[in-house]
Amino acid sequence: MPITGLVQIASRYSVTETVDRLTVAFSAKGLQLFALVDHSGEAEKVGLTMRPTKLLIFGSPKGGTPLMVASPTLAIDLPLKALVWEDEAHKVWLAYNSPEYLQQRHSVPVDLIKNIAGVGAVLQKAVE
């Protein structure tokens, strides 16, 4: 069942390769990688098993700040996030919140959502 506002894209690369490709794509577009959360790596540290799963937290203060000024609740969803994981069939997926969903969820003025509207194209290109 689709999750409201969540875009999911298949990646033809491993989780590690997908994360590496995203990191390069962010840099090329002037986006900052603020954090990389290795959920499966942290699970392993406490003796638990989890398929490879990593969360990238990224964005641009120049682009995101005006959005949060206009709609302070957007700060719960910014910086942007990209989740990369491997499913039980060993297929790798990339998921992120669509800018349109964030615009509706936080009542962001339409003229400001353009600041993050291109994120889908950046993510899609990285996994092609």
Distance-minimising heavy-atom pair for Pro61 and Phe34: CD-CZ, 4.0 Å

For residues Leu78 and Met68, determine if any side-chain heavy atom of one lies less than 4.5 Å from a side-chain heavy atom of the other. yes

Side-chain heavy atoms of Lys81 within contact of Leu56, under 4.5 Å: no

Applying side chain to side chain contact (heavy atoms under 4.5 Å, CB included) to Val7 and not counting sequence neighbours gives Ile9, Tyr96, Ser98

Measure the shortest side-chain to side-chain distance between Pro99 and Val119 over non-hydrogen atoms and say whether it is less than 4.5 angstrom. yes

Is it the case that atom CD in Glu44 sees more than 12 heavy atoms from other parts of the structure closer than 6.0 Å? no

To the closest 0.5 Å, what do you measure between CD1 (Ile116) and CD (Gln103)? 9.5 Å

Taking everything shown except Leu48 itself, do over 12 heavy atoms lie less than 6.0 Å from its CG? yes

For the CD atom of Gln32 and the CG atom of Leu80, what is their distance to the nearest 0.5 Å? 12.5 Å

Please evaluate residues Val84 and Val92 with respect to the criterion side chain to side chain contact (heavy atoms under 4.5 Å, CB included), reporting the C-alpha separation (whole Å), side-chain torsions for both, the decisive distance (0.1 Å), and the verdict. CA-CA 7 Å; Val84 182; Val92 175; 3.8 Å; yes

Checking Thr23 side chain against Arg21 main chain: does a donor-acceptor pair fall under 3.5 Å? no

Residue pair Leu94 / Leu22, side-chain heavy-atom distance below 4.5 Å: yes

Applying ring-ring contact (aromatic ring centres under 6.0 Å, His included) to Phe26 and not counting sequence neighbours gives Phe58

Atom of Asn115, atom of Leu67 and distance for their closest heavy-atom approach: CB-CD1, 4.1 Å

Value for OG1 (Thr4) from CZ (Arg105), rounded to nearest 0.5 Å, stands at 11.0 Å

salt_bridge(Glu42, Lys45) N-O dist < 4.0 Å: yes

Test item: Thr53 and Glu86 side chains (from C-beta on) under 4.5 Å apart, heavy atoms: no

Ring pair (Phe, Tyr, Trp, His ring centres under 6.0 Å): which pairs involve residues 97-128, sequence neighbours left out? none

Under 3.5 Å donor-acceptor, Tyr13 side chain and Glu128 backbone: yes

Please say whether more than 12 non-hydrogen atoms of neighbouring residues, nucleotides or ligands are located less than 6.0 Å from NZ in Lys114. yes

Using the rule given for salt bridge (Lys or Arg N to Asp or Glu O under 4.0 Å), can you reason through Glu88 versus Arg51, listing the C-alpha separation, both sets of side-chain angles and the distance that settles it, and then say yes or no? CA-CA 8 Å; Glu88 60 280 346; Arg51 288 185 298 277; 3.7 Å; yes

Close side-chain approach of Lys54 and Thr16, heavy atoms under 4.5 Å: yes

Going by atom types only, do Asp20 and Thr18 share a side-chain donor-acceptor pair under 3.5 Å? no

